[in-house]
Amino acid sequence: MLLAGIFLKCNHNHTFTVSPETRYPVLRDRNFFIETYGCQMNFADSEIVNSIMVDRGMKPTDTPDDASVVFINTCSIRDNAEQKVWNRLNHFRSLKKKRNGDMVIGVLGCMAERLREKFLEKEKLVDIVVGPDAYRDIPKLLAEVEDGRKAVNVILSQEETYADITPVRTTGNGVSAFVSVMRGCDNMCSFCVVPFTRGRERSRPVESVIDEFQQLSDAGYKEVTLLGQNVNSYNHNGRDFAELMYRCSLINPEMRIRFSTSHPKDFPDEFLHVMRERHNVCNYIHIPVQSGNNTVLERMKRPYTREAYLELIDKMRSMIPGVSLSTDIIAGFCGETEEQHEETLDIIERVRYDMAYMFAYSERERTLAHRKYEDDVPEEVKKRRLSEIISLQHGIAAELNQQEIGRRHIVLAEGTSKRSEDQLSGRTDTNKMVIFDKGVCKAGDYVEVEIFDATSATLKGKALSKVLLSDTSPFPAVAL
Ligand code: SAH
Ligand code: SF4
Ligand code: F3S
């Protein structure tokens, strides 16, 4: 406690220490609630905030109804993501009114960074605004609020990785966890607000990632997803993502590793070698294409062509037999013609993704596209193109999943299925969701499962036996 405290000098020149709890007495024993929107990194950040709050003696609760402090960790990626947050804020504000103002409302994350003081000016009932690099400051900001002031810190950092903070995972399943390995993004894709809300790219030291991984292993976790906006550009003192992944994969042969997200511009061969060699690195790659047309890709500032992308996919498939692939696609980017849209449909057909996240383009302030291009594809055309993309992709996913019938997979059971108490749900190495009867299995077990039914989103299987991951092949399904 001595180390964690800060040293103060009083008038009589006595030095004494103040523990974090005494520094902010107001926080002790109060409940706090965090609601999170956006990407996996935002969810991982909420666990960092949990840790900071718990460290100050506050208690996490799973409902805003009995919380003294309510945080909303927000996303700015598209306008509809922000609209959801506004709706929730309205709800929290009515809660606060019912309690005669006795509740602190804080906005965290990307919207906090993007809109800053506007929250305090326009939305009088927000008390605290904290950007993604300023979470260490939350206890101090809360103390300011108690003193009757509104508090803001949206300073972005070139160094902050929260490497020394052990996340407190209150909402997970105890089986799989996220670990952020880098923050920020330097890619400046012309449509994207992330470089403005998250700041410059920086990587966390290898050792701190390994330590957290080891702690998760000791705590019984069975799967870790390493996170970054572009994990392939992970670099800490010359150590790259392939090395980080390799070292993580040696920690516990019974723990699976996933990663997200990869950028097609710099996917290294070495990394594919690690995936190929290590049985516990999952054979699933999320590799956003965004568009299938070269002119659109250029305007998006995505520095690859459709040809280079397709070559990369071929290489992935030849090096990792049975690898599963997913992508992100934007419909109706500035200036996109009908022919260019057709090329996106065409690349979807060529690659045949197992899964895709598909969006209509939403203009974001400050981005290059906002400054330089006109958002000129009419809303109904964007919607129509998006629905063509979605129905094509769903058809492909359904066909691919039908082909799974009769195959066997190693599934990591994550928990009881939402549909039935007697069933477990979990994912294959290739990231497909499988539902199967519990039998003697429980969350955290690896189970060999034979698939007997499929929709475009889920597989149904029959559990054959519990297995050790280390006894299985490094390749999915095919080698079983
Ligand atoms: N760093 C990740 C993506 C993070 S954002 C990567 O580069 O792969 C997730 C996805 O949201 C993006 O891949 C993109 O498809 C989509 N997206 C980002 N900005 C958008 C915008 N302005 N309008 C619509 N979709 C957008
Ligand atoms: Fe946004 Fe591009 Fe960075 Fe992804 S790589 S976060 S799309 S700027
Ligand atoms: Fe959204 Fe910020 Fe993530 S804008 S997608 S929460 S980095």
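For ligands, and for the atoms within them, numbers begin at 1 and follow the listed sequence. Remember, predicted model here, so these are calculated numbers, not experimental data.
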Would you check if there is a donor-acceptor pair between the side chains of [Y] and [X] at a distance under 3.5 Å?
{"X": "His286", "Y": "Thr261", "result": "no"}
{"X": "Arg278", "Y": "Ser249", "result": "yes"}
{"X": "Asn42", "Y": "Thr36", "result": "no"}
{"X": "Thr63", "Y": "Asp65", "result": "yes"}
{"X": "Ser217", "Y": "Asn252", "result": "yes"}

Quick check: are there more than 12 heavy atoms from other residues, nucleotides or ligands sitting under 6.0 Å from [atom1] of [X]?
{"X": "Glu298", "atom1": "CD", "result": "no"}
{"X": "Phe267", "atom1": "CZ", "result": "yes"}
{"X": "Arg317", "atom1": "CZ", "result": "yes"}
{"X": "Glu270", "atom1": "CD", "result": "no"}

Is any protein N, O or S atom closer than 2.8 Å to atom 2 (Fe) of ligand 2, and if so, which? Cys189 SG
Quick one: look at Gln229 and ligand 3, take heavy-atom pairs under 4.0 Å, and tell me if it's side chain, backbone, both or neither. side chain
Please work out whether any backbone atom (N, CA, C, O) or any side-chain heavy atom from C-beta onward of Cys110 is under 4.0 Å from ligand 3, and answer side chain, backbone, both or neither. side chain
Heavy-atom donor-acceptor pair, [X] side chain to [Y] backbone, under 3.5 Å:
{"X": "Arg385", "Y": "Glu336", "answer": "yes"}
{"X": "Asn173", "Y": "Ser176", "answer": "yes"}
{"X": "Tyr234", "Y": "Arg204", "answer": "yes"}
{"X": "Arg202", "Y": "Glu160", "answer": "yes"}

I need the nearest protein heavy-atom contact for [atom]: residue, atom name and distance, please.
{"atom": "atom 1 (Fe) of ligand 3", "value": "Cys75 SG, 2.4 Å"}
{"atom": "atom 4 (S) of ligand 3", "value": "Ser76 N, 3.3 Å"}
{"atom": "atom 3 (Fe) of ligand 3", "value": "Cys39 SG, 2.3 Å"}

Atom pairs and distances, ligand 1 N/O vs protein N/O under 3.5 Å:
unit_1   : atom_1 : unit_2 : atom_2 : d
ligand 1 : 1 (N)  : Gln229 : O      : 2.8
ligand 1 : 1 (N)  : Gln229 : OE1    : 2.8
ligand 1 : 11 (O) : Arg78  : NH1    : 3.0
ligand 1 : 13 (O) : Gln290 : NE2    : 2.8
ligand 1 : 13 (O) : Asp328 : OD2    : 2.6
ligand 1 : 15 (O) : Gln290 : OE1    : 2.7
ligand 1 : 17 (N) : Arg78  : NH1    : 3.4
ligand 1 : 22 (N) : Phe191 : O      : 3.0
ligand 1 : 22 (N) : Ser362 : O      : 2.7
ligand 1 : 23 (N) : Ser362 : N      : 3.0
ligand 1 : 25 (N) : Arg78  : NH1    : 3.3

Ligand 3 contact by Met41, heavy-atom criterion under 4.0 angstrom: no
Does ligand 3 have any atom that is closer than 4.0 Å to a heavy atom of Gly109? no
